[in-house]
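Notes follow the structure.
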Amino acid sequence: MSRRTFSLVSVLALSAALASPVGAKTLIYCSEGSPENFYPAVNTTGTSFDASNEVYRRLVEFERGGTKVLPSLAERWDVSDDGKTYVFHLRKGVKWHSNRAFKPTRDFNADDVMFSWEDNIADPNVPAWTKAGAFGEGTKLDKVDDYTIK
């Protein structure tokens with residue numbers, strides 16, 4: 001299967017997963033090219049970042065067209081006086097996507113942030129450029145409680 005065909009199949013599968021029973025049955029996404037994947041931790045092209053941005057949410061987002069940081073999965077955050085420690089307070093009641101093949105048993109919580117961190121950033125098999133971009137050596141993440149990450 002070619003990459004383009006694989007991407008098309010991925011988009012079609014994604015559209016099926018995102019369609020709600022009361023909403024539209026088709027997701028139409030216009031792009032300047034085929035995304036290489038829908039996994040943000042390993043994306044290397046703008047096309048892939050643009051496509052995955054419509055599927056995944058981050059702890060915080062940028063204001064459209066600007067640099068102001070806005071809440072997303074984190075409803076608020078605290079920054080230490082030295083600027084080296086961030087505490088994110090996660091939104092409660094965030095639902096996972098659901099479809100015929102996947103029925104979530106719980107809402108999003110701190111365990112999911114920890115898993116994403118350990119699977120993408122802390123994993124020694126993840127390429128160094130992924131880690132070096134935003135995080136320095138010795139950066140760690142701790143779960144404070146079910147809805148707080150430090």
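Nothing fancy with the numbering, it's 1 onward along the sequence.
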Roughly how far, to the nearest 0.5 Å, is the NE2 atom of H97 from the OH atom of Y56?
-> 8.5 Å

Would you say S72's side chain and E61's backbone share a donor-acceptor pair under 3.5 angstrom?
-> no

Is there a donor-acceptor pair closer than 3.5 Å between any side-chain N or O of S31 and the backbone N or O of S34?
-> no

So if you build clusters from Ile, Leu, Val, Met, Phe, Trp, Tyr with side-chain heavy-atom gaps below 4.5 Å, do V87 and Y147 land together?
-> no

Where N109 and R106 come nearest, the two heavy atoms and their spacing | ND2-NH1, 3.4 Å

Take atom CZ in R64; do more than 12 heavy atoms of anything else shown fall under 6.0 Å from it?
-> no

In terms of heavy-atom contacts, T45 and E36 come closest through N-OE2, 3.5 Å

Could you tell me whether the side chain of D142 and the main chain of V144 form a donor-acceptor pair under 3.5 Å?
-> no

State, with a plain yes or no, whether a side-chain heavy atom of F88 is found less than 4.5 Å away from one of V60.
-> yes

Do V113 and V94 belong together in a cluster built from hydrophobic side chains that touch within less than 4.5 Å?
-> yes

Can you establish whether the number of heavy atoms outside F62 located under 6.0 Å from its atom CZ is more than 12?
-> no

Applied to residues 82-98, the salt bridge (Lys or Arg N to Asp or Glu O under 4.0 Å) test, sequence neighbours excluded, yields K95-D107

Does atom OH of Y86 have more than 12 heavy-atom neighbours, drawn from other residues, nucleotides or ligands, at distances under 6.0 Å?
-> no

Give the intermediate values and the outcome of side-chain contact (heavy atoms from CB on, under 4.5 Å) for residues L73 and R58.
-> CA-CA 6 Å; L73 291 175; R58 298 183 252 322; over 6 Å; no

Please check if atom NZ in K150 has more than 12 non-hydrogen atoms from other residues, nucleotides or ligands closer than 6.0 Å.
-> no

Shared ILVMFWY cluster between L90 and W96, side chains joined below 4.5 angstrom?
-> yes

Single-linkage hydrophobic cluster V69~L59, side-chain heavy atoms < 4.5 angstrom | yes

Any luck finding a side-chain donor-acceptor pair between E32 and T47 under 3.5 Å?
-> yes

Nearest atoms (heavy-atom pairs only) where A110 meets T148 | CB-O, 4.2 Å

Sorted by chain and number, sequence neighbours left out, salt bridge (charged side-chain N to carboxylate O under 4.0 Å, His left out) with E75 holds for none

What is the minimum heavy-atom distance between A51 and P35, and which atoms define it?
-> CB-CG, 3.6 Å

Tell me, do H89 and D78 make a side-chain contact under 4.5 Å, heavy atoms counted?
-> yes

For the residue pair A74 and W77, what are the closest heavy atoms and their distance?
-> O-CZ3, 4.2 Å

Which heavy atom of N99 sits nearest a heavy atom of K103, and at what distance?
-> O-NZ, 2.8 Å

